[in-house]
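Presented below is the structure to which this report refers.
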Amino acid sequence: MKAYRAAILRFATDREPHHAALYEEDGLLVVGANALGTQVVQAVGTYREVRAQFPDVAVTHWPGRLIAPGFVDLHSHYPQTNVIGSPAEGLLPWLENYTFPEEKRFSSPGYSAEAAQFFIAELLRNGVTTALTFATAHPASVNALFAVAQKQQLRLISGLCLMDRHAPAGLLNQPSTRGRTDATEQSLLDTEALIQQWHGVDRLGYAITPRFAPTSSNAQLRGAGDLAARYPDVWIQSHVAENHEEIAWARDLFPASASYLATYADFGLLRRRAIYAHCIHLDDGDRALMRDAGAAAAVCPTSNLFLGSGFFDYAGADRVGFRYGLASDVGGGTSFSPFRTMLAAYDVGREGQTKPGLSLSPQHLWWQHTAGAAQALGLAGVVGNLQPGCEADFVVLNPQATPLLARKTALAGKLDELLFSMIVLGDDRLVEQTVISQAIQAS
Ligand SMILES: [Zn+2]
């Protein structure tokens, strides 16, 4: 067993509001293997109380530092790492000019492996310890990412991008090399083979990944829904209701469905463990559909602001009561840093011209990127928190990382002031270490 002494932030799981934080100014976190050999939190609380229970465990002391749960990123595209910060007039020209040419390169296993290595290093440098991310339509891109994540012991969920129409040929799923199966059938065979190869192996999980309804044929969506029913513990990830052009296109292609979101439900792709990026332009009927299905939204504020897509309606989501959490959406998103994402989420919440504006509390913002995001994934009590039993993924933050942070956090009289200073002023410089089970990554 190991023990770490510092200030400690975690979330209450048994009281209202569900995002209420627990904070020890002088805390102790004790980590050790559970019955399965996984490193989990054995005990946590004030240094005085927990030390008395574990007098013999060696303690690593980080004075002036804050231990917090590793961040959970609900949506990104690892093949778009090079696309971050590319100028465009909107979503469709951005896809055509930057994203599609880059994603084509992921047919190469070597290119994919190098990109996966960089992507995962960047997640860890920014304190992200669980990620749900897109690969491309090439199986090589999935295998490369899982292989690197497995080596790093990272909790990562990904899947083969299903896309059999309405995109350049080099991006689409391909027929089998012997020509016996068409691209649609092959994409579904590949998905099932990848589920069997990777899902549940170490800390890896598989996600059935239709890019979005307009780039999949009915047959592909139907096949994806069949797999989702046969593998209920596998995740689903896709996009919905990001902007008005996309919604009009989806409505045109699937006129029989009651809404764009309902299209996914009609193909069996809306259920628990289904994470839909954006969910901006939903009505209350759609929100109830999300809630009743147990699906969750990946809110991507830096991406939505960058591409001018719109503003996630927090009041609407809470009124109807469906799950959501935060996501970087790299490369449409502009940062790997959870601090930048939390600040953008605050800005999005405040916007009051297109929807009710509200001021999200610092604890709520932080929860959305940790325990709340874990709950959206169906991984509450597993990651995103530091309560006993949770996997020991955490970050060590240095609130004095920059002169302004040091000056501002020294003035903080209460927890919300401390957290909001870090949300507004923080970036990767705040993250001194990211600790995953026994592996320690210095940043
Ligand atoms: Zn996306």
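Just so it is clear, the model here is predicted, and its values are computed rather than measured. Just follow the structure's listing: the first ligand is 1, and inside any ligand the first atom is 1.
- The CZ atom of Arg211 lies 6.0 Å from the CG atom of Leu95; values are rounded to the nearest 0.5 Å.
- Around the Zn ion (ligand 1), the protein contributes the following N, O or S atoms under 2.8 Å, ordered by chain and number: His75 NE2, His77 NE2, His239 NE2, Asp329 OD1.
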Q: Determine, stepwise, if the pair Trp366 / Phe339 fulfils ring pair (Phe, Tyr, Trp, His ring centres under 6.0 Å).
A: CA-CA 9 Å; Trp366 209 293; Phe339 297 98; 5.7 Å; yes
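- At least one donor-acceptor pair closer than 3.5 Å links the side chain of Ser158 to the backbone N or O of Thr133.
- Residues His364 and His19 come closest through the heavy atom pair CD2-ND1, 3.5 Å.
- Tested against Pro362 for a side-chain contact (heavy atoms from CB on, under 4.5 Å), the candidates Leu418, Val424, Leu415, Leu419 yield a single pass: Leu419.
- The existence of a salt bridge linking Asp284 and Arg287 is confirmed by a sub-4.0 Å separation between a basic side-chain nitrogen and an acidic carboxylate oxygen.
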